There are 2 protein chains.
Amino acid sequence: MLALSTRPVVLDPHATVNACASCDARPHSVCNAIPDSDLARLTAIATVTHAQPGTTFIQEGDPATHFFNISSGTVRMYKLLPDGRRQITGFAGVGHFLGLAVSETYAFSAEAIDTVRFCRFSRARVRTLLDDYPKMEKRLLEVASTELVAAQDQMLLLGRKTARERLASFLMMQARQGVMCQTSRTRFPLPMSRGDIADYLGLTIETVSRTFTKLRAEGFIDIPSASEITIRAPVALEGMASGLS
Amino acid sequence: MLALSTRPVVLDPHATVNACASCDARPHSVCNAIPDSDLARLTAIATVTHAQPGTTFIQEGDPATHFFNISSGTVRMYKLLPDGRRQITGFAGVGHFLGLAVSETYAFSAEAIDTVRFCRFSRARVRTLLDDYPKMEKRLLEVASTELVAAQDQMLLLGRKTARERLASFLMMQARQGVMCQTSRTRFPLPMSRGDIADYLGLTIETVSRTFTKLRAEGFIDIPSASEITIRAPVALEGMASGLS
DNA sequence: GGCGGGCATTGATCTGGATCAACGCCATCC
DNA sequence: GGATGGCGTTGATCCAGATCAATGCCCGCC
């Protein structure tokens, strides 16, 4: 539960001219609102950075000075109660944009699960950039709206679904690799631990483990290793996820 | 749980010229991004409408054709599971803006709790308006970001707080009259039923009722009538809400 | 290869909140 | 004023998932 407090490492403080042009995340990300011809402006305000597993790079309550754009790896966002109870509000992968906030402080913390590479932008500079690219502003609104819909789904899950339905929902969501993509995989890795899954679904580690075991025993899934899942009955699981049965 | 299916009543199909200028909600709402001098454009695309208690005016899954702006009354937004389990994702009051969505369909349903007055805007027309008022787009992004933060708080509540902490959080939030305002009231009405509160907090009616009774017995609150609350120990309740004790 | 530590699994027991079941309190309407 | 029906409250019991407690498994390291 406790994070290493090592600072993220800056790979390239004055990012090379084509850093953004060759970025893996660009096709998936809000950056694609900026035309190739103007990429230099984006590159100029981006700092390419990476974070080791377990590093906290956004701390709830700290002044919200930067935006982040994930180019590889997986991040967990979470909120804590004073006694250590944790709620993971989401996992962020390639192309995901972090740090939207009206308030002057971050509303959540973010930690690297595996090695994470990301671009960091100062909020002040992004604001001036936005004035010149209304299309980017539109993209951000789209992103925020999409996340709002996902958040409402998660409220339904946390407030009203059973442990079994929560796990089924989680697995089918991972199969779609996050929220972005529509194509569904039948075999995929789970970069996060059982503890992370538990804190995301509002359950305990033990309940997550037992429910996985049960779903396997019933033939819905396979668990080749603790961090890998095969979906055997996608339709049944999708039904389970949406509360049928 | 079931809603009346009466349609909302259109009060003024071609809204009077100064409808927006004299609107009670304008100071609290996204509309204030449009200068007084240009209000006619806003008025021209607004339809002033009201809905009787229990009326469903947004239906999850229906084509998302309109935006809504509440000018008085209280609305519940919710999602249902096929067997009728319900999660209320939020209550919307004066100035609240509904209907943000990337998708072509609404992601949630919305019902009037009491008599609700609102403005309705066609999405297509709002889109063209937005092109002329980038400031309005910025306001929408602010609104979406604020709601996202509120949604994350609600996830923490639903995933990790006890019944007692949930009720304390709910009461302190109502005392701040929704999310917008900062000034905290010590006595206020609860327009929603115990069932609504339960479905908002991921509890049952019985647990809500019992917990209210207990908080009163312990001297934290008073319940002059079922739909009215007095906060007696705001500091203690705030602590309880954030998970201390 | 054996040791240590961090996950994950599995079993036994407990409990907060759900469920089931009355009952009370108003309003509204004959 | 008495019947009706929709909340809300209260009590008794139950159970899904939490908690407590081993045990297993894997991987890195000496």
Side-chain angles (χ1 to χ4, degrees), chain A residues 1-4 53-54 76 81 83-87 113-114 157-170 189-217 221-229 240 243 245, chain B residues 1-4 53-54 76 81 83-87 113-114 157-170 189-217 221-229 240 243 245:
Chain A
M1 189 99 89
L2 289 178
L4 304 177
R76 58 178 165 250
L81 290 173
D83 62 1
R85 280 174 286 171
R86 181 177 69 156
Q87 179 64 40
I113 291 181
D114 43 23
L157 179 148
L158 292 170
R160 290 299 180 221
K161 289 186 184 174
T162 64
R164 195 178 167 78
E165 290 164 352
R166 292 179 201 205
L167 259 300
S169 303
F170 172 73
L190 291 181
M192 66 292 286
S193 71
R194 296 291 186 266
D196 288 342
I197 299 173
D199 284 350
Y200 180 56
L201 300 179
L203 300 170
T204 59
I205 292 179
E206 293 93 327
T207 299
V208 169
S209 180
R210 271 187 256 273
T211 308
F212 269 150
T213 305
K214 203 143 178 233
L215 290 175
R216 179 182 49 189
I221 60 173
D222 240 353
I223 312 178
S225 84
S227 63
E228 195 156 16
I229 292 287
M240 199 183 292
S245 84
Chain B
M1 190 99 86
L2 289 178
L4 305 176
R76 58 178 164 249
L81 290 172
D83 63 1
R85 279 174 287 171
R86 182 178 69 157
Q87 180 64 38
I113 291 181
D114 43 24
L157 180 149
L158 292 169
R160 290 301 180 216
K161 289 187 184 175
T162 65
R164 196 179 167 78
E165 291 164 352
R166 292 179 201 206
L167 259 299
S169 303
F170 172 73
L190 291 181
M192 67 292 287
S193 71
R194 296 291 186 269
D196 288 342
I197 298 173
D199 284 351
Y200 179 55
L201 300 177
L203 300 170
T204 58
I205 293 179
E206 293 93 328
T207 300
V208 169
S209 179
R210 272 188 256 272
T211 307
F212 269 150
T213 304
K214 202 137 178 241
L215 289 176
R216 179 182 50 189
I221 60 171
D222 241 354
I223 312 177
S225 84
S227 64
E228 196 156 15
I229 292 286
M240 199 183 294
S245 84

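The model shown is predicted, which means the values in this text are computed figures rather than measured ones. Letters A, B, ... mirror the listed sequences (proteins, then strands); counts begin at 1.
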Tabulate atom names and distances for all N/O pairs under 3.5 angstrom spanning the protein and nucleotides 25-27 of chain D.
none

For [X] and [N], give me the distance from atom [atom1] to atom [atom2], rounded to whole Å.
X	N	atom1	atom2	result
Arg164(A)	dA16(D)	CZ	C1'	13 Å
Arg85(B)	dT19(C)	CZ	C1'	15 Å
Leu203(B)	dG8(D)	CG	C1'	16 Å
Lys214(A)	dT10(C)	NZ	P	13 Å

Q: Inspect the contact between Arg76(B) and Asp199(B) and indicate whether a charged nitrogen and a carboxylate oxygen are less than 4.0 angstrom apart.
A: no
Apply side chain to side chain donor-acceptor pair (under 3.5 Å) to [X] and list each qualifying residue two or more places apart in sequence or on a separate chain.
X	value
Thr211(A)	none
Thr204(B)	Thr207(B)
Arg210(A)	none

Can you list everything that forms a salt bridge (charged side-chain N to carboxylate O under 4.0 Å, His left out) with [X]? Sequence neighbours excluded, please.
X	answer
Asp222(B)	Arg232(B)
Glu228(A)	Arg187(A)
Arg194(A)	none

(Q) Test of understanding: with side-chain contact (heavy atoms from CB on, under 4.5 Å), list the residues that count as partners of Glu165(B), not counting sequence neighbours. (A)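 So Glu165(B) forms a side-chain contact (heavy atoms from CB on, under 4.5 Å) with Arg85(A), Lys161(B), Thr162(B).
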Q: Using a 4.5 Å cut-off on heavy atoms from C-beta on, say whether the side chain of Leu203(B) contacts that of Phe170(B).
A: no
Q: Determine yes or no for a side-chain-to-main-chain donor-acceptor pair under 3.5 angstrom, with Arg216(B) supplying the side chain and Ile221(B) the backbone.
A: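 Judged by distance alone, no pair lies under 3.5 Å.
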Distances for protein N/O vs nucleotides 5-9 of chain C N/O pairs under 3.5 angstrom?
| residue | atom | partner | partner atom | Å |
| --- | --- | --- | --- | --- |
| dA8(C) | OP1 | Arg194(A) | N | 3.4 |
| dA8(C) | OP2 | Arg194(A) | N | 2.9 |
| dT9(C) | OP1 | Arg194(A) | NH2 | 3.3 |
| dT9(C) | OP2 | Arg194(A) | NE | 2.9 |
| dT9(C) | OP2 | Ser209(A) | OG | 2.9 |
| dT9(C) | O5' | Ser209(A) | OG | 3.1 |

Q) How bent is the helix from dG1(C)-dC30(D) to dC30(C)-dG1(D), comparing axes over its five end pairs at each side, to the nearest 10°? A)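 That helix has its two terminal axes inclined by roughly 30°.
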